[in-house]
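In what follows, a single structure is set out as structure tokens and then discussed.
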Protein chains: 2
Amino acid sequence: MPQRVDHEQRRRQIGEALLRIAATRGLLAASMREVAAEAGVSLRLVQYYFHTKDELLLGSLPYLAERLGARIEARIRALGSPPAPRDVVVAALEAVLPTDQESRQIRTTYDAFYALVLADPSLAAKYEAKDPDALERFLTGQLAAAQAAGELAADHDPGHVAAGLLALTNGLGASVIGGQRSSEVATEVLDYHLDRLFRPR
Amino acid sequence: MPQRVDHEQRRRQIGEALLRIAATRGLLAASMREVAAEAGVSLRLVQYYFHTKDELLLGSLPYLAERLGARIEARIRALGSPPAPRDVVVAALEAVLPTDQESRQIRTTYDAFYALVLADPSLAAKYEAKDPDALERFLTGQLAAAQAAGELAADHDPGHVAAGLLALTNGLGASVIGGQRSSEVATEVLDYHLDRLFRPR
DNA sequence: TCGTTGATGATACGAGCGTATCAATGCCGA
DNA sequence: TCGGCATTGATACGCTCGTATCATCAACGA
């Protein structure tokens, strides 16, 4: 066989090319030809590794989740150890909010995928997410830890608070991307609610 | 001239056909031909009233805003008069949350437009919204009134709270449409936060 | 009454899309 | 060494899209 190439590496190369296009010009512009050009390969190669367009789209999504996960982890690791649960929650949410170019691109791309599902709900069924609620459960755990540490009022329900914080952050993010609000103001609103949620140190 | 037809009525007929398609099959399926068929007119007529696709899209958006505004107003009117500011806020937010078919369709369609702007930011510039932040300002006013009535802690900032509640509701709505959460659970999360925000009666 | 003009219809065009087809290439096991 | 197969390339097909073109119809002002 010709130079035996690592399939997974090739798929990643192509999948990330798609993400790059989606982030800058939208998923609509991410035709198979465009993806091939962006990845520096032929159209046929894209077809070879992802038999169909849907496979390409769904196959690329995990690389996006990977990027976001790595970003959050890096922010948390930067807190020093052991970090206070409150600081972990704040860091994770602020990592999700679209403030710099990376987070803006991640969010824009996620929203593009969300729109794809809107248009064709059958796509959601085909996609077997590893765990779409992983972040929310992680936050729930950290909030419970914050309660144990006395940083959060004991009568709060960590699950509801985590769901609310994530929805708040996502909603703020959408308003930033939509141009309704600057990322600075969005951060201010998020911090306002976090400050009221947690007890003063 | 041939039967002088009311232009505005025709535009509305076509625009609402587009909204119907967008709500059910996505904005991607809303080609000019499909819109023409849905509206029961010829393709040429769609071109006649909206010279270009962009005009059709942007021209239809106000009808959607109208629908949402009417829905919110109806909910508020149903509260009796004069309604407590707190109840107005709750009713408005619950009207926005996608719980029944109407609110689901409205939200789905809004999100489809949002995705359109993602793909082509120049569209946002072409669209002169009457007031995209009208709802947020309305909520801010109601929250200030709630403070005056002692329903809301005096040290809260109504603007930040309004922004937060709207972002929370939008984020929850997206998770419902995305299939991550049922509308019942989303309502529960929203009510949880509203209950904690306002003083017990 | 008649020609001007607003309103509608039928059809064509070029581009981009996803997908399919048919070859070439080069490495490795037997 | 050689034949088969994994890998890559070039190109074609059929479809739908937005848009443009040309023709037709009906009413009102003069």
Side-chain angles (χ1 to χ4, degrees), chain A residues 1-15 17-22 24-61 112-113 115-117 119-120 122-123 126-127, chain B residues 1-15 17-22 24-61 112-113 115-117 119-120 122-123 126-127:
Chain A
M1 315 167 187
Q3 57 266 21
R4 290 294 193 124
V5 116
D6 184 344
H7 270 222
E8 172 50 30
Q9 172 194 321
R10 273 278 200 238
R11 284 177 62 94
R12 176 176 298 268
Q13 172 189 356
I14 296 171
L18 179 137
L19 293 183
R20 237 170 303 144
I21 295 178
T24 53
R25 285 179 290 148
L27 262 186
L28 226 126
S31 68
M32 306 214 73
R33 285 165 234 265
E34 286 292 327
V35 170
E38 172 74 26
V41 300
S42 70
L43 167 62
R44 182 65 183 81
L45 201 68
V46 178
Q47 290 183 287
Y48 184 74
Y49 284 98
F50 303 90
H51 302 63
T52 167
K53 179 79 183 287
D54 284 358
E55 262 189 53
L56 172 59
L57 290 167
L58 297 179
S60 302
L61 197 42
F113 276 102
L116 214 68
V117 172
D120 180 6
S122 75
L123 269 184
K126 287 182 202 156
Y127 178 62
Chain B
M1 318 167 185
Q3 59 263 25
R4 289 293 192 124
V5 114
D6 183 346
H7 271 222
E8 173 50 29
Q9 171 193 322
R10 273 279 201 235
R11 284 177 64 94
R12 175 176 296 266
Q13 171 189 358
I14 295 171
L18 178 137
L19 294 183
R20 238 168 331 193
I21 295 178
T24 53
R25 287 178 289 149
L27 262 184
L28 227 126
S31 69
M32 306 213 74
R33 285 166 234 264
E34 286 291 328
V35 170
E38 172 74 25
V41 300
S42 71
L43 167 62
R44 181 65 184 81
L45 201 68
V46 177
Q47 290 182 287
Y48 183 73
Y49 284 98
F50 302 92
H51 301 66
T52 167
K53 179 80 183 283
D54 285 359
E55 263 188 54
L56 172 59
L57 290 168
L58 297 179
S60 302
L61 197 42
F113 275 102
L116 213 69
V117 172
D120 180 7
S122 75
L123 268 184
K126 286 181 203 157
Y127 178 61

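Just so it is clear, the structure is predicted and the values come from calculations on it, not from any experiment.
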| query | Which nucleotide, C:dC17, C:dG18, D:dG9, lies nearest any side-chain atom of A:M32? | reply | C:dG18
| remark: Note: B:I14 and B:A39 closest approach over all heavy atoms is CA-CB, 4.2 Å
| remark: From CG of B:D120 across to P of D:dG18 the rounded distance in Å is 14 Å
Could you list the donor-acceptor pairs under 3.5 angstrom formed by side chains in residues 30-37 of chain A, with sequence neighbours left out?
| from | atom 1 | to | atom 2 | distance (Å) |
| --- | --- | --- | --- | --- |
| A:S31 | OG | A:E34 | N | 3.2 |
| A:E34 | OE1 | A:R25 | NH1 | 3.4 |
| A:E34 | OE1 | A:R25 | NH2 | 3.4 |

| field | Any B:H7 side-chain N or O less than 4.0 Å from OP1/OP2 of C:dA7 | value | yes
| message | Regarding C:dG16, can its base be found pairing with the side chain of A:R33 as donor and acceptor, where the two atoms are less than 3.5 Å apart? | response | no
| task | Would you indicate, yes or no, if C:dT8 has its OP1 or OP2 atom less than 4.0 angstrom from a side-chain nitrogen or oxygen of B:Y48? | result | no
| field | DNA chain D contacts among residues 50-59 of chain A, heavy-atom distance under 4.0 Å | value | none
| Shortest non-hydrogen contact from A:A22 to A:L27? | CB-CD2, 3.6 Å
| Do A:Q13 and A:R10 get their side chains close enough for a donor-acceptor pair, meaning under 3.5 Å? | yes
| note | Among D:dT19, C:dG18, C:dT8, the one nearest any side-chain atom of B:L45 is C:dT8
| note | Comparing nearest nucleotides in DNA chain C, the 5'-proximal residue of the pair A:L28, A:Q47 is A:L28
| note | Checking C:dA7, D:dT19, D:dT7 against the side chain of B:L43 (C-beta onward), the nearest is D:dT19
| Do the side-chain N or O atoms of A:S31 get closer than 4.0 angstrom to the phosphate oxygens (OP1, OP2) of C:dG16? | no
| task | Could you tell me whether the side chains of B:D54 and B:T52 share a donor-acceptor contact shorter than 3.5 Å? | result | no
| said: If I take atom OH from residue A:Y48 and atom NE2 from residue A:H51, how far apart are they, to the nearest 0.5 angstrom? | reply: 8.0 Å
| query | Closer than 4.0 Å, any side-chain N/O of B:R44 to the OP1 or OP2 of D:dA20? | reply | no
| note | note: B:R25, atom CZ; D:dC17, atom P; distance rounded to Å ~ 10 Å
| request: Give a yes or no on whether B:L61 atom CG has more than 12 heavy-atom contacts from other residues, nucleotides or ligands under 6.0 Å away. | output: yes
| task | May I ask you to verify if any side-chain N or O of A:Y49 is less than 4.0 angstrom from the OP1 or OP2 atom of D:dT7? | result | no
| Side chain of A:S42 - closest among D:dG9, C:dT19, D:dG18 | D:dG9
